[in-house]
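Written out below as structure tokens is the structure these notes cover.
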Amino acid sequence: FAQAPKTETPRLDKREANMEKRIEHGKASGALNEKEAARMEKRMDQLDKAEERAKADGVVTKKERVRLEKKADRTSKAIYREKHDKQTAQ
């Protein structure tokens with residue numbers, strides 16, 4: 001069996017792409033106003049930076065993967081909350 005290199009995070013990459021689409025859809029539909037969208041994009045940038053730090057030493061350990069997944073969980077929930085709150089783009 002061929003294993004993926006220890007620095008690849010395909011599950012997280014897929015989740016990040018999905019969250020980016022959700023943010024874009026929220027902006028397009030008006031469910032996210034500009035301030036909310038900017039805040040969610042900032043959270044996505046923070047997730048990207050955390051991923052880069054985890055990859056920096058050449059290995060993403062199981063502990064780092066768990067930490068990244070939890071950060072992604074929190075970001076995903078925040079996107080949901082912002083899209084479904086009473087605020088909308090005017």
Side-chain angles (χ1 to χ4, degrees):
F1 291 101
Q3 275 195 321
K6 300 287 186 198
T7 58
E8 289 188 15
T9 53
R11 176 179 159 80
L12 185 61
D13 294 340
K14 189 174 180 180
R15 289 187 71 187
E16 287 175 314
N18 183 43
M19 286 188 275
E20 291 286 353
K21 285 181 199 169
R22 289 170 53 208
I23 293 169
E24 291 304 315
H25 181 263
K27 288 183 348 188
S29 71
L32 289 176
N33 63 35
E34 286 302 313
K35 196 173 190 179
E36 290 172 328
R39 197 167 37 244
M40 294 303 102
E41 287 167 353
K42 183 177 180 184
R43 287 184 81 135
M44 291 299 297
D45 289 343
Q46 291 170 343
L47 181 57
D48 284 337
K49 286 177 186 168
E51 184 179 7
E52 291 304 315
R53 281 192 305 271
K55 290 180 177 182
D57 63 355
V59 177
V60 180
T61 65
K62 186 172 183 171
K63 186 176 181 179
E64 289 170 326
R65 286 180 197 279
V66 168
R67 187 175 295 134
L68 289 169
E69 286 292 333
K70 284 187 179 185
K71 191 170 188 68
D73 289 344
R74 288 190 300 271
T75 301
S76 182
K77 286 176 186 171
I79 293 168
Y80 178 87
R81 277 193 310 270
E82 292 293 355
K83 281 182 72 176
H84 293 86
D85 65 7
K86 300 291 183 209
Q87 296 175 353
T88 58
Q90 301 299 331

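The figures that follow rest on heavy atoms only: side chains count, while hydrogens, waters and symmetry mates do not.
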Yes or no on side chain to side chain contact (heavy atoms under 4.5 Å, CB included) for M19 and M40, after CA distance, side-chain angles and deciding distance?
CA-CA 9 Å; M19 286 188 275; M40 294 303 102; over 6 Å; no
Step-by-step side chain to side chain contact (heavy atoms under 4.5 Å, CB included) determination, R53 to E64:
CA-CA 10 Å; R53 281 192 305 271; E64 289 170 326; over 6 Å; no
Check step by step if side chain to side chain contact (heavy atoms under 4.5 Å, CB included) holds for E69 and R15.
CA-CA 9 Å; E69 286 292 333; R15 289 187 71 187; 2.5 Å; yes
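Shown here for V59 and T7, the closest heavy-atom pair between the two residues is N-CG2, 3.7 Å. Residues M44 and E16 share a closest heavy-atom pair of CE-O, 3.5 Å. Smallest separation of non-hydrogen atoms from K83 and R22: NZ-O, 3.6 Å. Between I23 and L32 the shortest heavy-atom distance is O-CD1, 3.7 Å.
Of the candidates V60, D48, L68, L12 forms a side-chain contact (heavy atoms from CB on, under 4.5 Å) with just one, namely L68.
Listed for the T75 side chain is a donor-acceptor partner under 3.5 Å among the backbone atoms of K71. The main-chain N or O of K21 is never found under 3.5 Å from a side-chain atom of H25 such that the two would form a donor-acceptor pair. Within the 3.5 Å criterion, the main-chain N or O of A50 finds no donor-acceptor partner in the side chain of R67.
A salt bridge links E41 with K27; the closest basic N to acidic carboxylate O contact falls under 4.0 Å. Look at K6 and D57 and you find no salt bridge, because none of the NZ, NE, NH1 or NH2 atoms lies under 4.0 Å from a carboxylate O.
Looking at N33 and E36, their side chains come closer than 4.5 Å, going by heavy atoms from C-beta outward.
With rounding to the nearest 0.5 angstrom, the CD atom of E20 is 7.0 Å from the CD atom of E24. Within the model, atoms NZ of K35 and CD of E82 stand 10.5 Å from one another, a figure rounded to the nearest 0.5 Å.
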